[in-house]
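To start, the structure under review is shown below, and the notes come after it.
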2 protein chains.
Amino acid sequence: MQTTEQTPQHHHDASRAAARRQQILNAAAQCFREHGFHGASIALISKTASMSPGHIYHYFENKEAIIAAIVAQDLESLLTLTAELRAACNVRAALIERAAEGVFDQLDQAGAALKLEIVAEAARNPHIAQIVREADATCRRELAITIGEIRRSTGHDDTPAAVGEMVEVLASLFEGLLLRTIRNPGLDRTRVAQRIQIAINDLLDQPG
Amino acid sequence: MQTTEQTPQHHHDASRAAARRQQILNAAAQCFREHGFHGASIALISKTASMSPGHIYHYFENKEAIIAAIVAQDLESLLTLTAELRAACNVRAALIERAAEGVFDQLDQAGAALKLEIVAEAARNPHIAQIVREADATCRRELAITIGEIRRSTGHDDTPAAVGEMVEVLASLFEGLLLRTIRNPGLDRTRVAQRIQIAINDLLDQPG
DNA sequence: TAACATAGAATGAGCGTTCGATCTAGAATA
DNA sequence: TATTCTAGATCGAACGCTCATTCTATGTTA
């Protein structure tokens, strides 16, 4: 679809529709965080979004489409973050410094609740699993390039598989924080972030 | 209630009831894994357990009680594992060797699905959160003792807080695997386990 | 007026839970 | 031993409710 040049601006234009769509997604994200994908009803989402239940179906085919959109939106932020990391610069210090911010992001309770909900859903819903796995593969690819370059610059000559394993360990270290912040909300964020930085530093020095 | 000495063995005895209860829990665990806590209906659970829906309510007050029992049962296995680890012996090598088994356990997809479901539920259900957090506190306490002893034996003199942070990092590393096995089911289990062993080894040498 | 935005009631399915009826097997009695 | 009694085990229909979704009617604006 190509956009017409002078943007005709009907009452019913595309930007208003997009805003309405986002309004639904924001409400849905909040409801899903508080009640889970299956615990949040369309009635509740519509109420939170201040519109009628029926109207939601003008923007989404069904509830699963809303879930898929939320999942895609959440993963997209992850993808841009990984891309940023990669674009910034490939030095070790930059990765490790960025990691501290990443730790704080992961430790946000509301965000963690939604991310956990997504992966739990992926474990049983093949459609969601596909979305999640494609995004994860992209992240891993990016991270592998970054880590590969860091390793090469410190004299290591790793196989792609070896780099892939390090990516897994790094990812595990980060994603585990989503569970930690639920299981132990009182943990010392700053101190844990520091220790994770050290752990990442050590990880980058593992034998090939 | 004191047990009568010669075990009267009525038709309706306690062991049969316990077996029936466990039969329900097994069915429920399977259903929860496949459909989530809120996606699995009592009708489905009763069918899986080969009994009538109404009969389930002779053993559990309501659905939430079933969920709580599943959660408690799952966490109990975690607690005994931590206790075993602690009882075995407090040398570094034992911890690291045990870790490899732990990694494989965490990478089991069916088990991971249920554990993720539990933490996701804990993020929104205060009752479940309490159960999960109490179990986690116990695990952390045990792990802190073990790690504290290892550290002391290698000449470090850590504050309890420092040990607590190391426990957090260790836990994060492990629990992250629950997400990794869903997001990237194709990962090389053996190789990742080896790299995690190295990471734990490095963690135990972190500065105080 | 034409075309879309929006509301809200209606629909049928499925939910968790309750409840009375039936079954079953040991206890009691004869 | 044969019969009746009893109480828990078990069933499955029924209840009230909420769900996701659809439909029809009414606003709104270019």
Side-chain angles (χ1 to χ4, degrees), chain A residues 1 4 6-28 31-32 34-70 121 124-125 127-128, chain B residues 1 3-28 31-32 34-70 121 124-125 127-128:
Chain A
M1 56 177 85
T4 48
Q6 56 212 14
T7 59
Q9 284 303 93
H10 311 271
H11 150 53
H12 21 261
D13 60 343
S15 74
R16 179 179 297 252
R20 224 69 172 117
R21 229 184 106 96
Q22 192 56 51
Q23 179 185 356
I24 295 171
L25 289 181
N26 291 343
C31 295
F32 288 156
E34 290 170 9
H35 306 274
F37 285 143
H38 298 289
S41 68
I42 293 287
L44 180 62
I45 295 171
S46 73
K47 213 167 145 186
T48 306
S50 303
M51 69 179 65
S52 72
H55 194 35
I56 287 188
Y57 287 84
H58 278 254
Y59 296 96
F60 294 93
E61 195 190 345
N62 52 36
K63 194 179 168 182
E64 165 123 8
I66 302 178
I67 295 176
I70 291 276
E121 179 72 12
R124 63 181 107 94
N125 180 333
H127 180 201
I128 302 300
Chain B
M1 59 178 84
T3 47
T4 48
E5 50 288 89
Q6 56 211 14
T7 59
Q9 283 304 94
H10 312 271
H11 149 54
H12 20 261
D13 61 341
S15 75
R16 178 180 299 250
R20 223 77 170 109
R21 230 184 105 95
Q22 191 56 52
Q23 179 185 354
I24 294 171
L25 289 181
N26 291 342
C31 294
F32 289 156
E34 290 169 9
H35 306 273
F37 285 142
H38 298 288
S41 69
I42 293 287
L44 179 62
I45 295 171
S46 74
K47 215 167 144 185
T48 306
S50 303
M51 67 179 65
S52 73
H55 194 33
I56 287 187
Y57 287 84
H58 278 252
Y59 296 96
F60 294 93
E61 195 190 346
N62 51 35
K63 194 180 170 182
E64 165 125 8
I66 303 179
I67 295 177
I70 291 277
E121 180 72 12
R124 65 182 106 94
N125 181 331
H127 181 200
I128 302 299

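Below, read A as the first sequence line, B as the second, and so on, with proteins coming before strands; counting in each chain starts at 1. Side chains included, hydrogens not; waters and symmetry mates left out as well; all remaining heavy atoms used.
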Report summary line: To the nearest angstrom, the CE-P distance between B:Met51 and C:dT24 comes to 16 Å
Requested in this report: Answer whether the closest heavy-atom distance between the side chains of B:Leu25 and B:Phe60 falls below 4.5 Å.
Outcome: yes
Query raised in the report: Looking at side-chain heavy atoms only, is the closest gap between B:Ile56 and B:Ile66 below 4.5 Å?
Result: yes
Requested in this report: Provide, to the nearest angstrom, the distance between the CZ atom belonging to A:Arg20 and the P atom belonging to C:dC4.
Outcome: 17 Å
Report task. Round to a whole Å and report the spacing from NZ of A:Lys47 to C1' of C:dT6. Result -> 19 Å
Requested in this report: Using a 4.0 Å heavy-atom cut-off across all strands, classify A:Phe60 as base, sugar-phosphate, or nothing.
Outcome: nothing
**Report entry** Side chains of A:Asn125 and A:Glu64 in contact at under 4.5 Å (non-hydrogen atoms)
**Finding:** yes
**Report entry** Between D:dT10 (C1') and B:Ile24 (CD1): distance, integer Å
**Finding:** 11 Å
Query raised in the report: So do A:Met51 and A:Ile24 actually touch side chain to side chain, heavy atoms under 4.5 Å?
Result: yes
Query raised in the report: What residues form a salt bridge (Lys or Arg N to Asp or Glu O under 4.0 Å) with A:Arg124, not counting sequence neighbours?
Result: A:Glu121, B:Glu117
Report summary line: Taken to the nearest whole Å, CD/B:Gln23 to C1'/D:dT10 is 12 Å
Query raised in the report: Quick one: is B:Arg16 getting a side-chain N or O under 4.0 Å of the D:dG8 phosphate, OP1 or OP2?
Result: no
Query raised in the report: Can you give one letter per nucleotide of nucleotides 14-26 of chain D, 5' to 3': B if a protein heavy atom sits under 4.0 Å from the base, S if only from the sugar-phosphate, - if neither?
Result: -----SSBB----
Report task. Please work out whether the ring planes of B:His55 and B:Tyr59 are parallel, tilted or perpendicular, with thresholds of 30° and 60°. Result -> perpendicular
